[in-house]
Amino acid sequence: MSFPWQTLALNPLTAFGLILALGVLGGQIAKRIAHLPSVTGYILTGLIIGPSGLGLIQHDILSEASLFSDLALGLALFELGRRVDLSWLNRERTLLLTSLITSTLLFTGLFGLLLAFKLQYAPAALLAAAGVSSSAPILLEITRETHAEGQVTERLLATAGLNGLFSLVAFGLALSYSHFASAADVESVFLRPSWLVLGSAALGLIAGLVAIRLNAWLSGRQREAQWVLLFAMIALVVGLAEQMAMMPAMALLVFGLATRNLQSGNTLTDPTLLARSSFFFVAFFVASGAQLVPSELVRIWPLALAFVLLRGVLAMLPWSVAARSNGLTSKRGALLGLALTPMGSGTQALMLLAPSTLLSSQSSMLMPATLAVLCILELIGPLTSRFALQQAGETHE
Amino acid sequence: MLEFSTSQPLTLGVELELMILNRRDYNLTRGSDDLLELINRRKHGYDIKPEITQGMIEIGTAVHHKTSEMLDELIAIRTLLVNASEKLNLGLAGGGSHPFQHWRDQRIYPKERYRLVSELYGYLAKQFTVYGQHIHIGCPDGDAAVRLTHHLSRYIPHFIALSASSPFHQGVDTLFQTSRLTSVNAFPLSGSMPLVHNWSEFNDYFIKMANLGIVESMKDFYWDIRPKPEYGTVEIRICDTPLSVDTPVLLAAYAQMLARRCFEEDWNDIRVEHYLTYSYNRFQACRFGYDAVLVDANQVRQTSLLEDMLETLNALLPHARALGAEREHAQLRERVLKRNIDSQWLRSIYEESGSLSEVVRRQSERWMYGEIGRD
């Protein structure tokens with residue numbers, strides 16, 4: 001006779017509970033004992049209990065619990081999109097220009113570096129495009145946890161939003177090129193990347209218009225209903241983008257951007273949106289940690305280290321040069337560049353859109369390089385961002 | 001011993017405390033340092049400084065004889081501030097208090113005096129994130145300043161009704177026209193100046209309080225009106241910061257007319273009876289604005305604030321003429337007759353939009369870009 005516990009396998013809910021509970025404990029230990037950001041504690045917890053650590057959580061469970069982490073990523077990207085204020089960018093062209101220069105420098109610099117490390121054009125372009133973006137959940141969680149406020153924080157989040165858009169468009173183009181290089185058909189070369197980029201943007205725009213209308217209909221006296229509606233819309237956009245094989249990240253960024261910039265969009269806001277959703281974020285960060293593969297880092301550490309260092313320099317350089325025109329001191333400008341360190345969450349998922357030939361080919365190195373880079377940036381990113389904001393005098397812990 | 005500096009009688013200056021807002025949800029934001037750093041890159045010669053919390057900034061005018069000159073200076077300061085805040089994507093707004101900020105989120109400005117205030121008063125210091133207009137009126141000597149302070153205390157409800165612009169507090173409609181004064185009332189040294197008759201008696205009182213270790217300087221008194229010996233002025237501190245950039249000038253003109261009458265008539269009717277109804281009348285004005293019912297303890301009668309203001313304005317007409325402030329007098333009269341009150345304007349936007357963020361956005365647009373003389 002066997003008892004149920006002898007063959008106990010974690011179902012999604014149990015896995016979610018376990019991820020959350022262990023994540024909270026890890027976050028608190030990191031915060032109270034090691035004085036690290038809670039995010040680092042969550043990620044480390046994931047690394048310890050994940051497939052590369054103790055193996056308490058395996059890939060199948062991670063994918064079953066992905067519903068919660070997808071929502072967290074959606075919420076964060078939506079919020080980051082809201083930080084892109086087009087009327088501000090129109091008035092403050094220096095900010096737009098500095099962001100564009102940063103994105104371009106990052107893309108070309110990283111692309112060159114990856115070529116120097118013998119990656120082929122297509123995977124190098126894909127990884128360089130991903131390297132332009134910064135992690136929305138990490139940046140927002142760090143600013144929330146440290147109560148960071150001020151010009152460095154505002155410009156950091158605005159430029160992270162712009163870099164995110166640049167990164168996704170560049171990724172779409174790189175994808176198009178990679179299909180072309182794999183001698184794929186016309187549909188794969190042109191239609192599919194266009195659908196990914198333009199289709200996702202259209203979905204985000206439509207969601208923005210609908211959300212503003214519904215929000216106005218509910219009116220501000222129904223704050224709870226407005227909050228639930230906003231959450232529902234974010235879940236819908238994540239779900240629809242996945243179902244229609246689009247880029248959820250692009251749809252969510254444009255959704256946030258639309259609600260910020262279209263008329264009456266300012267009423268569609270809830271400053272507590274991220275705080276109220278903290279359990280999704282804990283799950284997201286633990287899952288991110290569980291997906292780290294330190295063995296890849298050990299294998300190709302020179303490439304990963306060079307990527308991380310160059311990325312840091314290329315982000316800090318334009319911001320320190322253009323600091324004064326941005327109303328900052330050179331030091332605070334450089335710190336803003338440093339705070340961009342955490343790399344776009346969801347990069348790994350993004351890479352899965354690449355042609356299967358690239359993913360399976362040993363010579364492309366796309367996935368190993370991505371995993372190795374992420375391994376460093378996920379661990380040091382929260383720390384550097386917090387350090388930068390503290391040094392800029394914008395935190396209030 | 002406090003020395004009262006001499007200043008030219010009836011000269012004027014105003015200080016305005018303004019909100020610094022993010023342009024996302026129009027909550028208060030920590031922006032005073034960034035704003036000051038940007039503004040101070042070039043010499044501008046204006047008095048712009050931080051206040052107790054970092055979501056506040058204070059502007060002050062120079063000493064003026066004419067309110068029209070004061071308005072020109074305020075507009076120039078506004079232009080400077082608006083240019084800087086547009087670059088930083090910050091909003092600026094008038095109004096006595098922010099409708100939905102949480103006092104807990106506010107940060108004390110890193111300055112020794114504010115740190116001491118925060119240590120002494122605890123949460124009251126953060127709750128002091130409220131925004132007022134201060135009006136300085138030049139006085140020839142300390143005795144005149146004491147007399148003027150008592151004289152003006154009778155008109156405190158008028159100033160409240162003319163400036164009331166803080167109907168919301170911590171996200172709720174308080175039903176008051178100004179909720180800001182409730183935050184001020186919590187301080188132990190708030191209220192009104194004691195019944196001293198001249199500068200010598202005032203000094204005796206001050207020395208007593210200093211010897212008891214309660215105060216160190218005049219800044220420690222949070223009275224509605226107080227003498228300001230270092231400037232040689234009387235300072236009216238009761239007003240909410242109005243929503244438009246030109247309303248402060250009207251309030252200053254009103255104070256100037258009242259002061260002229262006080263000096264011309266050599267008013268010296270300092271009696272305890274005047275203060276019997278001080279707090280009650282003050283409350284009535286805060287709660288009901290123009291609809292307040294004032295109690296006159298001397299004549300044992302009740303009167304409406306609106307009527308009292310119109311009667312006072314009629315009596316002040318010769319003084320307005322003598323000061324060359326007929327236009328301001330007419331605007332004040334029109335404002336009262338139309339029962340024009342900022343708090344009601346804010347409520348009407350909330351009625352229309354259902355969003356306090358939208359209320360603050362419109363409030364900010366009005367201060368930053370509002371046309372002069374539109375109200």
Side-chain angles (χ1 to χ4, degrees), chain A residues 79-95 147-155 157-158 212 215-223 225-226 256 259-261 263-273 275 323-329 332 392-397, chain B residues 20-42 53-55 82-91 99-102 104-110 126 168 171-173 349-365 368:
Chain A
E79 184 58 29
L80 196 67
R82 283 191 62 84
R83 300 299 182 125
V84 180
D85 181 348
L86 296 181
S87 62
W88 185 25
L89 295 174
N90 188 34
R91 286 194 308 270
E92 178 64 345
R93 303 269 167 89
T94 321
L95 169 60
H147 302 279
E149 266 184 74
Q151 271 309 291
V152 172
T153 309
E154 283 299 311
R155 281 170 200 259
L157 294 173
I212 291 171
N215 192 67
W217 178 73
L218 283 172
S219 101
R221 291 171 192 85
Q222 307 295 330
R223 294 299 294 166
Q226 281 187 331
T259 62
R260 173 71 189 264
N261 292 285
Q263 202 179 6
S264 303
N266 66 300
T267 60
L268 195 148
T269 180
D270 187 345
T272 61
L273 179 70
R324 202 173 154 75
S325 321
N326 277 282
L328 305 168
T329 59
R332 295 179 83 209
E394 303 211 339
T395 58
H396 182 66
E397 286 164 280
Chain B
I20 305 178
L21 311 155
N22 75 47
R23 293 207 192 199
R24 211 167 42 255
D25 61 3
Y26 286 86
N27 200 347
L28 290 178
T29 191
R30 175 199 157 277
S32 53
D33 268 344
D34 292 325
L35 203 52
L36 285 168
E37 196 212 312
L38 190 60
I39 287 169
N40 293 335
R41 280 185 181 179
R42 283 190 195 157
T53 58
Q54 296 184 35
V82 166
N83 288 340
S85 58
E86 281 187 339
K87 181 172 177 63
L88 302 177
N89 211 25
L90 296 170
F100 62 90
Q101 59 95 8
H102 288 288
R104 190 184 58 179
D105 299 335
Q106 304 313 317
R107 302 185 199 181
I108 300 294
Y109 191 86
K126 286 190 176 181
F168 302 103
V172 180
D173 187 340
I349 293 171
Y350 184 64
E351 274 300 309
E352 170 197 317
S353 67
S355 160
L356 287 176
S357 286
E358 178 63 11
V359 170
V360 188
R361 189 186 70 78
R362 298 270 294 272
Q363 197 171 333
S364 173
E365 287 217 325
M368 292 173 80

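Throughout, a chain's letter reflects where its sequence line sits, starting with A, and its residues are numbered from 1. Please read all numbers here as calculations on a predicted model, not as lab measurements.
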Salt bridge (charged side-chain N to carboxylate O under 4.0 Å, His left out) against A:Arg324, all qualifying residues, sequence neighbours excluded
none

For B:Asn89 and A:Arg91, does a side-chain donor sit closer than 3.5 Å to a side-chain acceptor?
yes

Interchain contact, A:Glu154 with chain B, by part (heavy-atom threshold 4.5 Å):
side chain

Side chain, backbone, both or neither: which part of A:Glu92 has an atom under 4.5 Å from a heavy atom of chain B?
side chain

Side chain / backbone / both / neither for A:Leu95 at chain B, heavy atoms under 4.5 Å:
neither

Those residues at least two apart in sequence (or on a different chain) that pass side chain to side chain contact (heavy atoms under 4.5 Å, CB included) with B:Asn22 are B:Arg24, B:Asp25, B:Asn27, B:Thr29

Does this structure show an ion pair linking B:Glu358 with B:Arg361, if we count only N-O contacts that are shorter than 4.0 Å?
yes

What part of A:Ser87 gets closer than 4.5 Å to chain B, counting heavy atoms only: side chain, backbone, both or neither?
neither

Measuring heavy-atom distances to chain A, does B:Glu86 have an atom under 4.5 Å in its side chain, in its backbone, in both, or in neither?
both

Is chain A contacted by the side chain of B:Leu38, its backbone, both, or neither, given a heavy-atom distance below 4.5 Å?
side chain

State plainly whether the residues B:Asp34 and A:Arg155 are in salt-bridge range, i.e. N to O under 4.0 Å.
no

